[in-house]
Amino acid sequence: MLDLKLIRENPDTYKAKIESKLDDPKKIDQILELDVRRRTLIGEVETLKATRNTVTNDIAQKKKNKENADSLIAEMKTVSDRIKELDTELSEAENKINEILLYTPNIPHDSVPVGKSAADNVEVRRWETGTFTKEFKPLDHIELGKKCGILDFERGAKISGSGFPVYVGKGAALERALINFFLDTHTANHGYKEIFPPFVVNEESMKGTGQLPKFAEDMYTIQADGLYLIPTAEVPITNLHRNETFKAEELTVKYCGYSACFRREAGSYGKDTKGFLRVHQFNKVELVKFANPVGSYNELENMVNDVENILKALKVPYRILLLCTGDLSFNAAKCYDIEVWSPAENKYLEASSCSNFQDFQARRANIRFKPDANSKPEYVHTLNGSGLATSRLMVSLLENNQNADGSITIPEVLRHYTRFDVIEPA
RNA sequence: GGAAAAGUGGCAGAGUGGUUGAUCGCGACGGUCUCGAAAACCGUUUUACCAGUAAUGGUAACGGGGGUUCGAAUCCCCCCUUUUCCGCCA
């Protein structure tokens, strides 16, 4: 959520920034109009409340002296009625402002390139060691999965629906190995504290991180209990500190956590439907940071490096993109996508995005810190990144490590976890 | 699922319709004393919003939301959370 005061002070900047994010700058005008109305109403109603408060004291005094206060009471009755009316109008105006703000995206950081679509994203760097150079035509991950008997999309569709893959045998073990490898690396080498969060959260949490109200149709819901299946561990982990205030010296707080992720992917039917490319349930280890605004952009760069270390260790070719304003997600002020190479698709697949949300989520979720003992609390900056999602990484991993006979070589760093070196065709 | 109790300022804990934003204590902060510290003593100590350059003034907030009343921390209704007991399940 954006800061109403800052909007009031710099309306033109905000309009331009919103427009660069391909959203409607008229929202800013609407907010400002409602804000004027709101402040007028506040002036009126608070004046009335002030008189009521003094007269009410007079009434109390008269009653104490056994004097008659009937006329004052009658007078205050009409004042109170008017107050009630104005309060209603006021809360209507405030609700409207809030509603618009909840649907208004974060504004991009100045270092974000202006652009209209994914085509305008800027490639920052590339790491190609391990690119597929073998002498045969690579199979795609679906064919490999079938050949080796490690992935079962058909039975997944039978028991749950399409987009719910089943991992079998060494496939399941490999999935588990990846998750453990990510968590161990981030906790042991990168200084994150591990969290194993609930996979289901309440509405407040979904609002706090910005999934609600705008993206309600993307969530799986548990209607009877008013709960939501999480689309990412970002939601429970960021909300751990909802309505809390950090001490400055506690920052940066760094968490990593595994969760299954549930996404309805409403409206994206027919797009990337093959195998793992777009699924309703997948596994992810998420990185979350609560940072002092002063250093938050350094923390973003560090987070990208943390993810890169994993890919380098796995010897998966990848590239880093800096997203342009038009491709930036609703919550983000700046975002890097990390894409892994799929030799069978002959393209890069998004496997991670690392974002700085600045105070956008912190304002919604009321997460603050005290710069020093005597100062007023300020909002922290929240950051998060996938470190990593297993499904698209699995695509790259299987395809890049396949051999001519259809077997798949396990990257060395994972063998300690899998306790096998190779997956043979079934 | 059933029953009971509780939810007040950083913490602890008073307060059952009228100057109560809220006694007292602890903590924190500032000061006196001291070479320094402790102790003691004095003082300060919530947040949000509105108006104002500011000093300051005003409004609101006692788990959340409604209601009664001229007036609600205090009365009524609904919800949430916590604790305890019973049942059920692991």
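Residue numbers begin at 1 in each chain, while the letters A, B, ... track the order of the sequences.
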Practice item. Please lay out, stage by stage, how A/F357 and A/E234 fare under the test side chain to side chain contact (heavy atoms under 4.5 Å, CB included). Key: CA-CA 12 Å; A/F357 304 102; A/E234 163 198 343; 4.2 Å; yes

Exercise for review: Under the side chain to side chain contact (heavy atoms under 4.5 Å, CB included) rule, what do A/V200 and A/I222 come out as? Steps first, then yes or no, please.
Suggested key: CA-CA 9 Å; A/V200 163; A/I222 302 170; 4.0 Å; yes

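In this structure, the CD atom of A/E44 is 14 Å from the P atom of B/A51, given to the nearest Å. Distance A/I42 CD1 to B/A51 P: 8 Å, rounded to the nearest Å. Taking atom CZ of A/R39 as the reference point, atom P of B/A48 lies 18 Å away to the nearest angstrom. A straight line from CG of A/L48 to P of B/A60 spans 11 Å, rounded to a whole angstrom. Put simply, CG on A/L90 is 14 Å from C1' on B/A48, counting in whole angstrom units. Look at CD1 on A/I83: it is 13 Å from C1' on B/G58, rounded to the nearest Å. Put simply, CG on A/N95 is 12 Å from P on B/G65, counting in whole angstrom units. What separates CD of A/E46 from P of B/A61 is a distance of 11 Å, to the nearest Å.
Note on A/I59: a base of the nucleic acid sits closer than 4.0 angstrom, heavy atoms only. Contacts of A/R363 with the nucleic acid, taken as non-hydrogen atoms under 4.0 Å apart, are absent. Backbone-only engagement by A/K84 is indicated by non-hydrogen atom pairs under 4.0 Å involving sugar-phosphate atoms exclusively. Across all strands shown, A/K63 has heavy atoms under 4.0 Å from base atoms, whether or not it also approaches the sugar-phosphate.
For A/R8, the listed nucleotide lying nearest its side chain is B/C50; candidates were B/C50, B/U59, B/C70. Nearest to the side-chain atoms of A/T56 among the listed nucleotides B/C70, B/C49, B/A51 stands B/C70. You'll find that the side chain of A/N57 is closest to B/U19, out of B/G58, B/U19, B/C50. Closest to the side chain of A/R52, out of B/U59, B/G18, B/G71, is B/G71. Ranking B/A60, B/G18, B/G58 by closeness to the A/K49 side chain, first place goes to B/A60.
Judged by distance alone, the side chains of A/Y379 and A/D3 never bring a donor and an acceptor atom under 3.5 Å apart. Inspection of the A/Q358 and A/Y297 side chains reveals an N or O donor paired with an N or O acceptor under 3.5 Å.
Separating the C1' atom of B/A72 from that of B/A22 is a span of 13 Å, rounded to the nearest Å. Straight-line distance between the C1' atoms of B/A60 and B/G9: roughly 15 Å, to the nearest whole Å. For the P atom pair drawn from B/C79 and B/U16, the interatomic distance equals 27 Å after rounding to whole Å. The gap from the C1' atom of B/G15 to that of B/A51 amounts to 34 Å, rounded to the nearest Å. Rounded to whole Å, the C1' atom of B/U74 lies 16 Å from the corresponding atom of B/U23. B/U82 sits 35 Å from B/U69 when the P atoms are compared, rounded to a whole Å. Rounded to the nearest Å, the gap between the P atom of B/C76 and that of B/G18 is 16 Å. Here, B/C42 and B/U81 have their C1' atoms 42 Å apart, quoted to the whole Å.
Under the Watson-Crick or G-U wobble criterion, with both distances below 3.5 Å, B/U32 is paired with B/A40. Pair check for B/G21 finds none; no Watson-Crick or G-U wobble contact set falls under 3.5 Å. Base pairing analysis places B/U46 opposite B/A61; the two distances defining the Watson-Crick or G-U wobble pair are each below 3.5 Å. For B/G1, the paired base is B/C86 (Watson-Crick or G-U wobble, both distances below 3.5 Å). Across all strands shown, nothing is found opposite B/G9 as a Watson-Crick or G-U wobble partner with both distances under 3.5 Å. A 3.5 Å limit on both hydrogen-bonding distances identifies no Watson-Crick or G-U partner for B/U69. Checking B/U56 for Watson-Crick or G-U wobble geometry (two distances, each under 3.5 Å) identifies B/A51 as its partner.
Applying the 4.0 Å criterion to OP1 and OP2 of B/G71, one finds that A/S80 has a side-chain N or O inside that range. Note on A/N53: every side-chain N or O is 4.0 Å or more away from OP1 and OP2 of B/G58.
Not one N or O on the side chain of A/S396 forms a donor-acceptor pair closer than 3.5 Å with the backbone of A/L393. No side-chain donor-acceptor contact under 3.5 Å links A/D120 to the backbone of A/G115. For the pair A/Q402 (side chain) and A/L139 (backbone), a donor-acceptor distance under 3.5 Å is present.
Atom NZ of A/K312 has more than 12 heavy atoms from other residues, nucleotides or ligands within 6.0 Å.
Position along RNA chain B of the nearest nucleotide to A/D35 versus A/A50 favours A/D35 as the more 5'-ward residue.
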